[in-house]
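In the text below, chain A, chain B and the rest are named by the order of the sequence lines, each starting its count at 1.
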Amino acid sequence: MDKIKYLSRIDLFKGLDPEYLESLGPVTPAHIMKRKTIVASPQSPQKCLFLVKSGMVRLYRVTKGGKELTIDILGEGHIFGEAGSFTTGAENVFAETLEDSYICKINKHQFESIITAHPELGLKFIELVAFRLKEVEEMLELMAYGSVRKRLLYLLDRVCQKYGEPTSVHEKQEADQTWVRLGIQLTHQELESMAGSIRETVTEHLRNFVFEGMINKASFRNRLLVCPDRIKKALEDCD
DNA sequence: ACATTAAAGGGGT
DNA sequence: ACCCCTTTAATGT
């Protein structure tokens with residue numbers, strides 16, 4: 001597929017002159033990775049920056065007890081990895097594809113020469129990292145003080161913002177309420193591993209959410225329909 | 001922890 | 001390219 005078109009969809013390169021993208025083309029070779037393959041691990045010899053051109057990648061840590069803690073799920077256009085002293089996401093993180101993905105790998109030198117040649121990319125990069133930091137801080141507060149219900153609501157809300165797609169006419173329609181479909185398959189296991197709970201509890205809460213009309217699972221391909229407004233309201237009413 | 005159900009993978013036609 | 005069977009994963013109790 002068209003390389004430039006892919007590049008323009010990467011957050012870091014969004015809104016840039018196509019001419020720039022042309023010049024970046026040669027240094028951003030892409031790799032096709034099959035579903036369920038490890039893209040990066042703490043053992044990776046090289047510290048690289050990765051661009052997700054298409055597909056889906058899950059970042060997670062493994063705790064001492066062998067449990068996986070999902071840090072984030074990245075879709076098309078997102079970047080991750082480490083490049084020099086800048087890091088997006090923490091160290092000791094595994095990255096695994098959730099579906100067949102098209103991923104581009106940039107090593108430290110390539111990254112540095114890109115930034116040197118295009119300083120405004122450096123600024124953009126800082127913006128992205130800063131945004132991430134904000135997300136993490138917010139999450140931290142919630143994890144420390146929030147109930148499981150609150151944490152789940154928060155996660156759903158965030159996933160909505162990231163992967164919500166507008167619903168079509170055939171799907172859920174209600175006056176005044178917008179429903180979005182999540183462009184991602186969220187299993188109870190994954191929610192558990194993000195909310196730091198146990199699966200049975202997640203199942204129970206999700207059942208309640210359906211009952212309270214905030215989410216709806218009567219939809220194809222296991223992708224939830226969510227009503228973000230109601231989620232937000234419930235979040236405020238929580239504790 | 002178990003039973004049921006749904007999805008993914010593989011092979012053959 | 002399609003369908004069916006087997007295996008594996010997800011869900012509900």
For atom [atom1] of [X] and atom [atom2] of [N], their distance in whole Å:
| X | N | atom1 | atom2 | result |
| --- | --- | --- | --- | --- |
| A:N208 | C:dT13 | CG | P | 12 Å |
| A:R223 | B:dA6 | CZ | C1' | 15 Å |
| A:H188 | C:dT11 | NE2 | P | 4 Å |
| A:K36 | B:dG9 | NZ | P | 9 Å |
| A:L98 | B:dA7 | CG | C1' | 15 Å |
| A:E192 | C:dG12 | CD | P | 14 Å |
| A:L186 | B:dA7 | CG | P | 15 Å |
| A:Q185 | B:dA8 | CD | C1' | 12 Å |

Donor-acceptor pair between A:E204 and A:N208 side chains, under 3.5 angstrom =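 Per modelled atom types, A:E204 and A:N208 side chains form no pair under 3.5 Å.
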
Pair of N/O donor and acceptor under 3.5 Å linking C:dA10 base with A:E190 side chain |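 Donor-acceptor pair under 3.5 Å: no.
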
Touch class at under 4.0 angstrom, heavy-atom based, for A:E204 against every strand present |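 A:E204: no heavy atom of the nucleic acid under 4.0 Å.
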
A:R35 side chain near B:dA8 phosphate (N/O to OP1/OP2, under 4.0 Å) |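 Checking A:R35 against B:dA8: no side-chain N or O falls below 4.0 Å of OP1 or OP2.
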
For atom CD1 of A:I38, decide whether the heavy atoms of other residues, nucleotides or ligands shown that lie under 6.0 angstrom number more than 12.
->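 Counting other residues, nucleotides and ligands, CD1 of A:I38 exceeds 12 neighbours.
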
May I have the step-by-step check of side chain to side chain contact (heavy atoms under 4.5 Å, CB included) for A:T97 and A:I103, ending in yes or no?
-> CA-CA 10 Å; A:T97 52; A:I103 288 167; 3.9 Å; yes

Less than 4.5 Å apart, any side-chain heavy atom of A:L74 and any of A:K162?
->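 A side-chain contact exists here, since the closest heavy-atom pair is under 4.5 Å.
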
